[in-house]
Amino acid sequence: MTNTPDYKAAILQQLASIPFGKTCSYGYLAKAAGLPGYARQVGNIMKSLPHDTQLPWHRIVNSQRKISFPIGSEAYLEQRRRLEAEGIEFKGEKILITQFL
DNA sequence: CAGGGGGCTAAGG
DNA sequence: GCCTTAGCCCCCT
């Protein structure tokens with residue numbers, strides 16, 4: 001029973017279950033998927049997602065409640081745009097609210 | 001097989 | 001607020 005077969009599937013599935021307008025951290029997502037300690041994998045997987053994916057990758061932020069991308073980078077702006085489009089507010093770089101985390 | 005790195009995290013200085 | 005250390009786990013050289 002190696003658990004490397006589809007830890008990805010578990011993560012992606014968990015990711016897909018995140019409701020509109022909510023956010024959570026990488027670690028939380030991994031844990032919720034039954035894979036504590038896979039925070040890095042979560043990020044790594046997201047990175048390899050196609051740019052046209054349906055998955056809400058933008059709802060995932062780091063434990064500091066910030067977007068894990070260089071500020072001002074395209075990826076950063078892209079994610080921020082999507083989050084604000086869901087009603088998520090920012091205070092500077094930090095994300096407010098979030099019932100998750 | 002060893003090394004380095006990544007959308008991470010938590011703890012320290 | 002910033003940077004470093006250490007732990008975590010998978011993937012590519």
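What's counted below: heavy atoms across the whole structure, side chains too, no hydrogens, waters or symmetry copies. All chains are named by letter (A, B, ...) in the order of the sequence lines, taking the proteins before the strands, and each is independently numbered beginning at 1.
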For [X] and [N], give me the distance from atom [atom1] to atom [atom2], rounded to whole Å.
X       : N     : atom1 : atom2 : value
A:Leu29 : B:dG7 : CG    : C1'   : 12 Å
A:Leu35 : C:dG7 : CG    : P     : 22 Å
A:Gln79 : B:dG7 : CD    : C1'   : 7 Å
A:Lys66 : C:dG1 : NZ    : C1'   : 9 Å

What closest approach, in Å, do [X] and [Y] show between heavy atoms, and which atom pair accounts for it?
X        : Y       : value
A:Leu83  : A:Phe90 : CD1-CZ, 3.7 Å
A:Phe100 : A:Cys24 : CB-CB, 3.5 Å
A:Ala33  : A:Ala10 : CB-O, 3.7 Å

Next item on the list: Give A:Lys31 one of three labels, base, sugar-phosphate or nothing, depending on what nucleic acid heavy atoms sit under 4.0 Å from its own.
Entry: nothing
Note to self: Under 4.0 Å, counting only non-hydrogen atoms across every strand here, what does A:Ile45 touch: a base, just sugar-phosphate, or nothing?
What the structure shows: nothing
Checklist line | Pairwise salt bridge (Lys or Arg N to Asp or Glu O under 4.0 Å) hits with a residue in residues 47-56 of chain A, at least two apart | finding: none
Notebook entry, point to check: Counting only Watson-Crick or G-U wobble pairs whose two distances fall under 3.5 Å, which nucleotide matches C:dC8?
Noted result: none
Notebook entry, point to check: Paired with B:dG7 by Watson-Crick or G-U wobble geometry, both distances under 3.5 Å: which nucleotide is it?
Noted result: none
Notebook entry, point to check: Linking I/L/V/M/F/W/Y whenever any side-chain heavy atoms sit under 4.5 Å apart, do A:Ile18 and A:Tyr28 land together?
Noted result: no
Item checked: Nearest-Å distance once atom C1' is located in both C:dC8 and B:dG5 -> 14 Å
Next item on the list: Summarise how protein sits on nucleotides 8-13 of chain B as a single string, 5' to 3': B when a protein heavy atom is under 4.0 Å from the base, S for sugar-phosphate-only contact, - for no contact.
Entry: BSS---
Margin query: Salt bridge check, A:Glu78 against A:Arg82: does any charged N sit closer than 4.0 Å to a carboxylate O?
Written below: yes
Check: Counting just side-chain N and O atoms, does A:Tyr38 come under 4.0 Å of either OP1 or OP2 of B:dG7?
Finding: no
